[in-house]
Each structure stands twice: as C-alpha cells, then as structure tokens.
Amino acid sequence: MSYLTTHNTPSSKTADTDSDSKSSSISASIDSSVSASLDESVKKQNENSSTKSSYRSKYKRVSLESFTDNPDKYDQKLIKVAGTVTYIQRNSDNNTMDYIVLSNSDNTAATVAEVEVEDMHSHHISEGSNITILGGGLTKTVKLNGKTLESDIIEDFVQ
C-alpha cells in the first residue's frame, strides 16, 4: 500500500479517488477494446458466412430428373442436386476422387458425381446416404467402365 492510502488525510482521499478514477478509466478502456475486438470478430465471421452463403446461393437447385433428361442445358452451370448414393467406385488411377451414382427416390433417374475422397470421409458418405451435391454440371466428359457418360457433376460442396 502506498503512503497516501494508509493515512486518512484529505489529500490521501483525493489520491484514492484519482486512483479509482484512473482504474475505472483503464477498465472501461479495456472493456471497450475487448468489446470492439469481439464486435470486429463477429462482424468478420458474419461476412465470411454471408460470403459463403452468397457463393452457395449461386447454385441453381435442379431435380435429378431434369438434369439427366437435359444435361446439355446444365453443361458448365453451377447446380444443386439431391439424391441417394446407390453406388461408389474408386478409380484406380485417381486417389483423390470417388465416383458415386446419385439416384432419385424411385431409381428412375441417376447420374455420376465426382466427389473428393476427403469429403466422402468427412461427410460419412456411403451407399444409401441421402446427400445434396453442389457443383458443376458436365456432359460427356467422364469415361467410366469404358463408357462415356451423358452427364456428371463435379462436386464443390456436399451437404
């Protein structure tokens, strides 16, 4: 304790008040700094999520039937397609991508999607999984089991 705070003189009370005032001022400064820092952090987080959301909103929801019936309409377009995984194949010459067959509920329409192996594991995708693929629609670019496919999707995101 300082000399001023151990004696009850008028000047020591002033010193205590000044000290309390400085302490409150420092505390308020720290509080506003922390608050501003948190506000900035939340603001950046919201900007990042809105950027992701706006990027993902560029994908046009397309039914699997529509995509398989008219793949040329969606060639090189950003699409969002939902379905059930009915088959998974790993191509021996490509360790980073798996090919999955995505089918509708009554198996009347199906397409192949190229999904990163990392996403397959992180989303626990297996046969029977219901997933939504956001990616680029393509036509006649993938050859699988010796056949060129009419349509496929290159995955950007899996939901």
Side-chain angles (χ1 to χ4, degrees), residues 20-159:
D20 288 345
S21 174
K22 286 180 183 175
S23 176
S24 294
S25 174
I26 290 170
S27 178
S29 174
I30 289 171
D31 286 347
S32 69
S33 173
V34 168
S35 177
S37 174
L38 287 173
D39 288 345
E40 188 63 30
S41 174
V42 168
K43 185 178 176 182
K44 283 183 181 178
Q45 191 174 27
N46 287 341
E47 285 174 357
N48 287 343
S49 68
S50 68
T51 301
K52 262 186 185 174
S53 295
S54 67
Y55 179 71
R56 288 186 179 182
S57 68
K58 292 180 182 178
Y59 292 84
K60 180 181 180 184
R61 181 171 284 283
V62 175
S63 72
L64 197 53
E65 296 83 359
S66 180
F67 178 63
T68 57
D69 287 347
N70 193 2
D72 291 329
K73 178 178 178 181
Y74 303 104
D75 191 28
Q76 299 182 22
K77 304 279 194 277
L78 297 177
I79 59 173
K80 181 177 184 179
V81 177
T84 302
V85 177
T86 56
Y87 182 74
I88 300 171
Q89 179 177 326
R90 171 145 310 145
N91 202 350
S92 60
D93 62 341
N94 187 349
N95 293 331
T96 61
M97 300 292 265
D98 281 345
Y99 294 98
I100 64 170
V101 175
L102 197 61
S103 300
N104 62 357
S105 60
D106 60 0
N107 291 325
T108 57
T111 192
V112 169
E114 298 176 63
V115 179
E116 290 186 34
V117 171
E118 191 175 298
D119 289 339
M120 293 286 291
H121 293 292
S122 66
H123 287 86
H124 307 289
I125 297 172
S126 60
E127 290 181 10
S129 297
N130 291 314
I131 62 171
T132 300
I133 301 280
L134 287 80
L138 297 173
T139 58
K140 300 177 185 159
T141 58
V142 171
K143 196 172 214 175
L144 196 58
N145 295 333
K147 295 182 180 179
T148 301
L149 304 178
E150 287 296 315
S151 66
D152 70 289
I153 303 168
I154 303 292
E155 170 252 350
D156 291 329
F157 302 101
V158 175
Q159 296 178 332

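In this structure, Val117 and Arg90 have side chains that are in contact, with non-hydrogen atoms separated by less than 4.5 Å. Two residues are said to be in side-chain contact when any heavy atoms from C-beta on lie closer than 4.5 Å; Tyr99 and Val115 fail this criterion.
Taken to the nearest 0.5 Å, the CD1 atom of Ile79 stands 11.5 Å off from the NZ atom of Lys73. Taking CG of Asp69 as the start and OG of Ser63 as the end, the distance is 7.5 Å to the nearest 0.5 Å. For the atom pair NE2 (His123) and OG (Ser129), the distance works out to 11.0 Å, reported to the nearest 0.5 Å.
For the side-chain contact (heavy atoms from CB on, under 4.5 Å) with Pro71, the lone residue among Asp152, Thr139, Ile153 that qualifies is Thr139.
Taking both residues in full, the closest heavy atoms of Leu102 and Ile131 are given as CD1-CG1, 3.8 Å, listed atom of the first, atom of the second, then distance. In plain terms, the two heavy atoms of Glu116 and Glu155 that are nearest each other are N-OE1, 3.1 Å. Nearest heavy-atom pair, Tyr59 versus Gly135, reported as atom, atom and distance to 0.1 Å: CE2-N, 3.3 Å. Contact record, Asp98 with Met120: OD2-CG, 3.7 Å, taken as the closest heavy-atom pair.
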Problem - Audit row: Tyr87, Gln89, side chain to side chain contact (heavy atoms under 4.5 Å, CB included) steps and yes/no - result: CA-CA 7 Å; Tyr87 182 74; Gln89 179 177 326; 3.6 Å; yes

Problem - side chain to side chain contact (heavy atoms under 4.5 Å, CB included) evaluation trace for Lys77 with Val62 - result: CA-CA 11 Å; Lys77 304 279 194 277; Val62 175; over 6 Å; no

Practice task
Decide side chain to side chain contact (heavy atoms under 4.5 Å, CB included) for Thr111 and Leu64; before the verdict, give the C-alpha distance in whole Å, the side-chain angles of both, and the deciding distance to 0.1 Å.
Solution key: CA-CA 8 Å; Thr111 192; Leu64 197 53; 3.6 Å; yes

Problem - Worked check of side chain to side chain contact (heavy atoms under 4.5 Å, CB included) between Val85 and Val101 - result: CA-CA 6 Å; Val85 177; Val101 175; over 6 Å; no

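Inspection of the Asp106 and Asn104 side chains reveals an N or O donor paired with an N or O acceptor under 3.5 Å. Checking Tyr74 against Ser66 by side-chain atom types alone, a donor-acceptor pair falls below 3.5 Å.
Judged by distance alone, with hydrogens and angles left aside, the side-chain atoms of Thr68 form no donor-acceptor pair with the main-chain N or O of Ala110 at under 3.5 Å. Judged by distance alone, the side chain of Gln159 and the main-chain N or O of Ile133 form no donor-acceptor pair under 3.5 Å.
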